[in-house]
Undergrad: 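One structure, as structure tokens, below. Some questions next.
Start at 1 and go down the list; that is how both ligands and their atoms are numbered. Remember, it's a predicted structure, so these values are computed and weren't measured experimentally. These numbers come from the heavy atoms of this one structure, side chains and all, not from hydrogens, waters or symmetry mates.
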Amino acid sequence: MSDAPASGNPSRCGFVALVGAPNAGKSTLLNRMAGAKLSIVSPKAQTTRFRVLGILLRGTAQILLVDTPGIFAPRRKLDRAMVNAAWTGSDDADLTLLLVDSKTGLTDQVEAILTRLAATGRRLWLVLNKVDSVPRARLLPLTAALSERVPFEQVFMVSAANGDGVTDLLDSVAGSVPEGPHLYPDDEITDLPDRLLAAEIVREQIFLQTHEEVPYGTTVETESFTERADGSVRIDATIYVARAGQKAILIGGGGARVRDIGAKARAHLSQLLERQVHLFLNVKERSGWDEERARLRAIGLDDPD
Ligand SMILES: Nc1nc2c(ncn2[C@@H]2O[C@H](COP(=O)(O)OP(=O)(O)OP(=O)(O)O)[C@@H](O)[C@H]2O)c(=O)[nH]1
Ligand SMILES: [Mg+2]
């Protein structure tokens, strides 16, 4: 009975990967489609470092939407692990949505992604994002140029920022995932553990409040996450930085920067976890963390080598 809803529509369920160049708006679109903040967003490239699952219910369909790190030419072990995670997300999916920033268009990065996607022969849809920020006349030539390289089953034009076109995309995705039973409980919205969410919300503030190499030289790990008798939660997190100079910037004069990062992350976390949060941040210098397997494993990334 549970797989045969009253409407007569069959139960559907499938993995749908969001892939694209860094900064295309993948995480913004995941959050918009899920109607919840699941993945962190910043104006800087390479914000997302691991796959984030959004579990969406639409009619009789369960859409398992996977946000992935942006795909770029990786150098550090961390970067290679991020890009591997993105390709694995696409390889494991029933359907891949290639997200392209319509403002930056067909860049070398997008070209390289298209080449690799074309070789997989997998189901592929094109989603042009940020249509709020370009003249409409630019969209058709861009679609034509992209479609020349890869045969897309369908093309959508959306604004993840203001929601334009997103309902249409959701309905189409819901209708096209394979028939089958739901793989996750329908009342779950993600598989992201609260400890990892806490570390990510701190990292989001670092991406928003620091610049140049500092955000890229930083990783955040939750050391302890303790529920208190009064219903509040105490979170202790370590911010690892690659160099002493980065530590000084992150701490700021008189500790002002890290205090602000902590205050904003705490407020945001209280809202997401729906309870009072006590957040304690500790900044540690650890050169070479971005080549360390244990640091990658802490954020759920596999060693790429
Ligand atoms: N104008 C406009 N900006 C957008 C839209 N979608 C996302 N953005 C902005 O684009 C920037 C990058 O968004 P993200 O969602 O972090 O992009 P991403 O593809 O997940 O980036 P990585 O995780 O680094 O690969 C942010 O500043 C967003 O606010 C959109 O539809 N319109
Ligand atoms: Mg992202």
Undergrad: Counting only heavy atoms closer than 4.0 Å, does ligand 1 sit against the backbone of S39, its side chain, both, or neither?
TA: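 Looking at S39 and ligand 1, no heavy atom falls under 4.0 Å.
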
Undergrad: Does at least one non-hydrogen atom of A45 fall below 4.0 angstrom from an atom of ligand 1?
TA: yes

Undergrad: Among all protein heavy atoms, pick the one closest to atom 10 (O) of ligand 1 and tell me residue, atom and distance.
TA: K130 NZ, 3.1 Å

Undergrad: Compute the shortest N/O to N/O distance between S159 and ligand 1 and return yes if it is under 3.5 Å, no if not.
TA: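 Such a contact does occur with ligand 1.
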
Undergrad: At less than 2.8 Å, would any N/O/S atom of T68, backbone or side chain, sit next to the Mg ion (ligand 2)?
TA: no

Undergrad: Quick one: look up the protein heavy atom nearest atom 29 (O) of ligand 1 and list residue, atom name and how far away it is.
TA: V41 CG1, 4.2 Å

Undergrad: Is V158 close to ligand 1, meaning an N/O of one under 3.5 Å from an N/O of the other?
TA: no

Undergrad: Kindly identify the option in A21, G165, A160 whose heavy atom sits closest to atom 31 (O) of ligand 1.
TA: A160

Undergrad: Pick out which of L169, V131, N129, L126 makes a side-chain contact (heavy atoms from CB on, under 4.5 Å) with F156.
TA: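 Answer to the side-chain contact (heavy atoms from CB on, under 4.5 Å) test with F156 among L169, V131, N129, L126: L169.
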
Undergrad: Give me the nearest non-hydrogen protein atom to atom 26 (C) of ligand 1 as residue plus atom name, then the distance to 0.1 Å.
TA: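 Closest protein heavy atom to atom 26 (C) of ligand 1: S42 O, 3.5 Å.
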
Undergrad: So among R297, R76, R286, which one has a salt bridge (Lys or Arg N to Asp or Glu O under 4.0 Å) with E292?
TA: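 Exactly one option meets the salt bridge (Lys or Arg N to Asp or Glu O under 4.0 Å) with E292, and it is R286.
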
Undergrad: About how large, to 10 degrees, is the angle OG of S27, then the Mg ion (ligand 2), then OG1 of T48?
TA: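 S27 OG and T48 OG1 form an angle of 90° at the Mg ion (ligand 2).
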
Undergrad: Quick test of your reading of the model: are E204 and K264 salt-bridged, counting only N-O distances below 4.0 Å?
TA: no

Undergrad: In the protein, what heavy atom is nearest to atom 17 (O) of ligand 1, and what distance, to one decimal place, separates them?
TA: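 For this ligand atom, the closest protein heavy atom is G25 N, 3.1 Å.
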
Undergrad: Could you find the nearest protein heavy atom to atom 27 (O) of ligand 1 and give me its residue, atom name and distance?
TA: P43 CA, 3.4 Å

Undergrad: Using a strict 4.0 Å threshold on nitrogen-to-oxygen distance, state whether D305 and R80 make a salt bridge.
TA: yes

Undergrad: Using a strict 4.0 Å cut-off to heavy atoms of P22, name the atoms of ligand 1 that fall inside it.
TA: 25 (O)

Undergrad: If we set the cut-off at 4.0 Å for heavy atoms, which region of N129 has an atom near ligand 1: side chain, backbone, both, or neither?
TA: side chain

Undergrad: Nearest heavy-atom pair of D164 and N162: which atoms, and what distance?
TA: N-OD1, 2.9 Å

Undergrad: Relative to ligand 1, is Q46 under 4.0 angstrom through side chain, backbone, both or neither, heavy atoms considered?
TA: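 The part of Q46 near ligand 1 is the backbone, not the side chain.
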
Undergrad: State the atoms of ligand 1, each with its element, that fall below the 4.0 Å cut-off from a heavy-atom position in T28.
TA: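 Contacts of ligand 1 toward T28, numbered from 1: 6 (N), 7 (C), 13 (O), 14 (P), 15 (O), 28 (C).
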
Undergrad: Using a plain distance cutoff, I'd like to know if A24 has any nitrogen or oxygen under 3.5 Å from a nitrogen or oxygen of ligand 1.
TA: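 Yes, there is a polar N/O contact under 3.5 Å.
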
Undergrad: For T60 and N9, run side-chain hydrogen bond (donor to acceptor under 3.5 Å, both in side chains): C-alpha distance rounded to whole Å, both residues' side-chain angles, the deciding distance at 0.1 Å, then the answer.
TA: CA-CA 7 Å; T60 58; N9 289 330; 5.0 Å; no

Undergrad: Indicate the atoms forming the closest heavy-atom contact of A237 with V220, along with that distance.
TA: CB-CG1, 4.2 Å

Undergrad: Salt bridge check, K77 against D303: does any charged N sit closer than 4.0 Å to a carboxylate O?
TA: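 Between K77 and D303 there is a salt bridge, with a charged N closer than 4.0 Å to a carboxylate O.
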
Undergrad: Tell me whether R122 at atom CZ has more than 12 heavy atoms from other residues, nucleotides or ligands lying less than 6.0 Å away.
TA: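 Atom CZ in R122 is packed in, count exceeds 12.
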
Undergrad: Decide whether an N or O pair under 3.5 Å exists between S27 and ligand 1.
TA: yes

Undergrad: Would you say W125 ends up clustered with F15 if hydrophobic residues are merged whenever their side chains have heavy atoms under 4.5 Å apart, either directly or through other cluster members?
TA: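 Unlinked, F15 and W125 end up in two clusters.
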
Undergrad: Given L128, which of L98, V134, L142 fulfils the side-chain contact (heavy atoms from CB on, under 4.5 Å) condition?
TA: L142

Undergrad: Would you mind checking which non-hydrogen protein atom is closest to atom 25 (O) of ligand 1, with the distance to 0.1 Å?
TA: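 Protein heavy atom at minimum distance: K26 NZ, 2.9 Å.
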
Undergrad: Would you please test D290 and R295 for salt bridge (Lys or Arg N to Asp or Glu O under 4.0 Å) and show each step?
TA: CA-CA 7 Å; D290 49 4; R295 302 280 75 70; over 6 Å; no

Undergrad: How far apart are the closest heavy atoms of L38 and L192, and which atoms are they?
TA: O-CD2, 3.8 Å

Undergrad: Does S39 bring an N, O or S atom to within less than 2.8 Å of the Mg ion (ligand 2)?
TA: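 Looking at S39, which is the residue asked about, there is no N, O or S atom under 2.8 Å from the Mg ion (ligand 2).
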
Undergrad: To the nearest 0.1 Å, how far is atom 32 (N) of ligand 1 from its closest protein heavy atom, and which atom is that?
TA: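 Answer, as residue, atom name and distance: D132 OD1, 2.7 Å.
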
Undergrad: Enumerate the atoms of ligand 1 whose separation from the nearest heavy atom of G70 is less than 4.0 angstrom.
TA: 25 (O)

Undergrad: Would you mind listing which atoms of ligand 1 come within a distance below 4.0 Å of any non-hydrogen atom of N23?
TA: 11 (C), 12 (C), 17 (O), 18 (P), 19 (O), 21 (O), 22 (P), 24 (O), 25 (O)

Undergrad: So for ligand 1, is I40 a polar contact partner (N or O within less than 3.5 Å, distance only)?
TA: no

Undergrad: With clusters defined by side-chain heavy atoms of hydrophobic residues (ILVMFWY) lying less than 4.5 Å apart, directly or transitively, does I40 cluster with L281?
TA: yes

